[in-house]
Number of protein chains: 2
Amino acid sequence: MGNKGENNRQRIVSAADQLFYRRGYNQTSFRDISDETGIPRGNFYYYFKTKEDILGAVIDARVNAFEEMLEACSSSASDPRERLLCFTNMLSVSEDAVLQAGCPIGTLSSELAKDDDAYQEMSRAVFTVIRQWLVKQFNALGSSSSDEKAMDLLARMQGVCVMACAFDDRKYLRRSLADIQAWVNSQTLS
Amino acid sequence: MGNKGENNRQRIVSAADQLFYRRGYNQTSFRDISDETGIPRGNFYYYFKTKEDILGAVIDARVNAFEEMLEACSSSASDPRERLLCFTNMLSVSEDAVLQAGCPIGTLSSELAKDDDAYQEMSRAVFTVIRQWLVKQFNALGSSSSDEKAMDLLARMQGVCVMACAFDDRKYLRRSLADIQAWVNSQTLS
DNA sequence: GTCTATAGCCGGATAGAC
DNA sequence: GTCTATCCGGCTATAGAC
């Protein structure tokens, strides 16, 4: 009952997470994950039944990571606008990664939409966690149609990621984040 | 000197175009294109040296198709706002496809960003054609910072495509297109 | 639990007959 | 120009020793 196995499992998920982001799910092979972790290819099947199962574990890990991040934003301020700014600031913290590979959630979702349908529903979970948290913040601001605003904010950030990555344009990314944050600040507390 | 060869070449590019859109570039095999066209796999190498060359031809075809489409929008109206609305209406015309596979330009760009760098620059060409046309229209409206507005409009449309596809949400897509078009209409002719 | 070897399949690419 | 047969390598997945 040692937890060495759990360590290895986590290391596989963590490496797969990074690789799925930087190369894409379909373009990441077991060999890549093996090279990254030093764990032999054959061992993966002790922890996971299929590659799809690894994808599921990666998505679970991302859901957890975003839940923690959103919780941290919730804790960092009581003003919902401040919380929303904390969330959008992700685009600044991850600037280099966004320019190179886009948004991890958006690009995975777009990729999986072209594979089997079951995959796409898995990836939607990450968006859903964020969407619901955003709805809470807009509700706290007394907004009408909070879900629409949540979707609008998500869409705006996704669009900025797509374009910033497509043109590898750091200035555009920074300007657009500033625009988004100005919009958030304009959301009045009724 | 028959043009039968040119026909086959076009049929390959056309089938590849569709498949790259619906399944992704990396997930489309020569076998897929062969099944779709009835042209044997081996023949592809008479028309193209590598799969990458087929990608190049597909991107060229898309550039041409968008140039024609934008030209049609230019011809359809003299009011730049009307022209911009004509362009954004693409999201309505391609509703089903967008819900299933996202934006053909954006998703290809995101996919290729994770492959070799050279690929990504190829795919940027399609965005660039549209971007320049949009700048012209905003200039005609007397806008300041037309390029920023062009990028903002593109980003907004990209974001809507990502989210509409992720949630397979037709209502959201329609509402967001209406929002975008309202924004276009609010761009005053100075 | 860990590791090696390998099966079985499919990918892009090539050779060469017609 | 068209088509078939095939090479070679990489992929996921499995078998089985330790």
Side-chain angles (χ1 to χ4, degrees), chain A residues 1-59 108 111-112 114-119 122-123, chain B residues 1-59 108 111-112 114-119 122-123:
Chain A
M1 202 181 273
N3 65 349
K4 187 112 181 272
E6 268 313 302
N7 270 333
N8 277 345
R9 204 192 123 99
Q10 280 180 327
R11 284 173 58 221
I12 292 169
V13 172
S14 171
D17 191 351
Q18 292 295 316
L19 288 163
F20 290 175
Y21 177 31
R22 299 193 191 275
R23 302 191 195 174
Y25 169 70
N26 290 300
Q27 290 300 104
T28 298
S29 71
F30 281 48
R31 183 183 298 267
D32 294 329
I33 304 174
S34 171
D35 289 347
E36 192 72 20
T37 57
I39 297 169
R41 296 179 277 302
N43 284 30
F44 296 160
Y45 292 90
Y46 175 74
Y47 301 103
F48 304 97
K49 238 169 58 100
T50 63
K51 188 184 179 187
E52 209 173 322
D53 284 353
I54 298 182
L55 174 61
V58 166
I59 291 175
L108 182 66
E111 181 181 3
L112 297 183
K114 314 210 172 198
D115 290 356
D116 206 300
D117 275 356
Y119 289 25
M122 294 174 61
S123 75
Chain B
M1 201 181 273
N3 64 349
K4 186 111 181 270
E6 269 312 302
N7 270 334
N8 277 347
R9 205 192 124 97
Q10 281 180 327
R11 284 174 58 222
I12 291 169
V13 172
S14 171
D17 192 349
Q18 292 295 317
L19 287 164
F20 291 175
Y21 178 31
R22 301 194 189 274
R23 302 190 193 176
Y25 169 69
N26 291 300
Q27 291 299 105
T28 298
S29 71
F30 281 47
R31 183 183 300 266
D32 293 330
I33 304 174
S34 171
D35 289 347
E36 192 72 21
T37 57
I39 298 168
R41 296 173 274 303
N43 284 29
F44 296 159
Y45 292 89
Y46 175 74
Y47 301 103
F48 305 95
K49 237 167 60 96
T50 62
K51 189 185 178 186
E52 210 172 322
D53 284 350
I54 298 182
L55 175 60
V58 165
I59 290 175
L108 182 66
E111 181 181 2
L112 297 182
K114 314 212 172 197
D115 289 356
D116 206 300
D117 274 357
Y119 289 25
M122 293 172 65
S123 75

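Note that these values count all heavy atoms, side chains included, but never hydrogens, waters or copies made by symmetry. All of these numbers come straight from a predicted model, not from anything done at the bench. Proteins get letters first, then strands, A, B, ... in listed order; numbering begins at 1 in each.
- In this structure, CD1 of B:Ile54 is placed 9 Å from P of C:dG12, rounded to the nearest angstrom.
- Shown for residues 14-26 of chain B: no residue has heavy atoms falling under 4.0 angstrom of DNA chain D.
- The nearest whole Å value for the distance from the CZ atom in B:Phe44 to the C1' atom in D:dT6 is 17 Å.
- Among the heavy atoms of the strands lying under 4.0 Å from A:Thr28 are primed sugar atoms or P, OP1, OP2 only; no base atom is included.
- Residue contacts shown for A:Arg31 are limited to sugar-phosphate atoms, with no base heavy atom under 4.0 Å away.
- Closest to the side chain of B:Tyr47, out of C:dA13, D:dA13, D:dT2, is D:dT2.
- In this structure, the CG atom of A:Asn8 is 9 Å from the C1' atom of C:dT2, given to the nearest Å.
- The separation between A:Ile39 atom CD1 and C:dT4 atom C1' is 16 Å, rounded to whole Å.
- Nearest to the side-chain atoms of A:Tyr45 among the listed nucleotides C:dT2, D:dT14, D:dT2 stands D:dT14.
- Counting all heavy atoms, side chain and backbone alike, A:Ile12 lies closest to A:Phe48 at CG2-CE1, 3.8 Å.
- Here the P atom of nucleotide C:dG11 and the CD atom of B:Gln27 are 10 Å apart, to the nearest Å.
- Remark: the backbone N or O of A:Leu19 is paired with a side-chain donor or acceptor of A:Thr28 at under 3.5 angstrom.
- Of the candidate nucleotides C:dA13, C:dT4, D:dG1, C:dT4 has the atom lying nearest to any side-chain atom of A:Pro40.
- Distance A:Tyr46 OH to D:dA17 C1': 17 Å, rounded to the nearest Å.
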Quick one: side chains of residues 35-45 of chain A, donor-acceptor pairs under 3.5 Å with protein atoms, not counting sequence neighbours, listed by atom name and distance.
{"residue": "A:Thr37", "atom": "OG1", "partner": "A:Ile33", "partner atom": "O", "Å": "2.8"}
{"residue": "A:Thr37", "atom": "OG1", "partner": "A:Ile39", "partner atom": "N", "Å": "3.1"}

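- In this structure, the nucleotide among C:dG12, C:dG1, D:dA13 sitting nearest to the side chain of A:Lys51 is D:dA13.
- Distance CG (A:Asp53) to C1' (D:dT12): 13 Å, rounded to an integer number of Å.
- Phosphate contact (OP1/OP2 of D:dC11, side-chain N/O of A:Ser29, threshold under 4.0 Å): present.
- The side-chain heavy atoms of B:Leu108 and B:Val58, taken from C-beta on, include no pair separated by under 4.5 Å.
- Distance from the side chain of B:Asn43 is smallest to D:dT2 among C:dG1, D:dT2, D:dT12.
- Between the side chain of B:Glu111 and the backbone N or O of B:Tyr25 there is at least one donor-acceptor pair closer than 3.5 Å.
- Here A:Phe30 lies in heavy-atom contact (under 4.0 Å) with sugar-phosphate atoms only.
- Residues B:Ile54 and B:Phe30 have side chains in contact (heavy-atom distance under 4.5 Å, counting atoms from C-beta outward).
- To the nearest angstrom, P of C:dA13 lies 13 Å from CD1 of B:Ile12.
- Between the side chains of A:Asp17 and A:Ser14, no donor-acceptor pair of N or O atoms lies under 3.5 Å.
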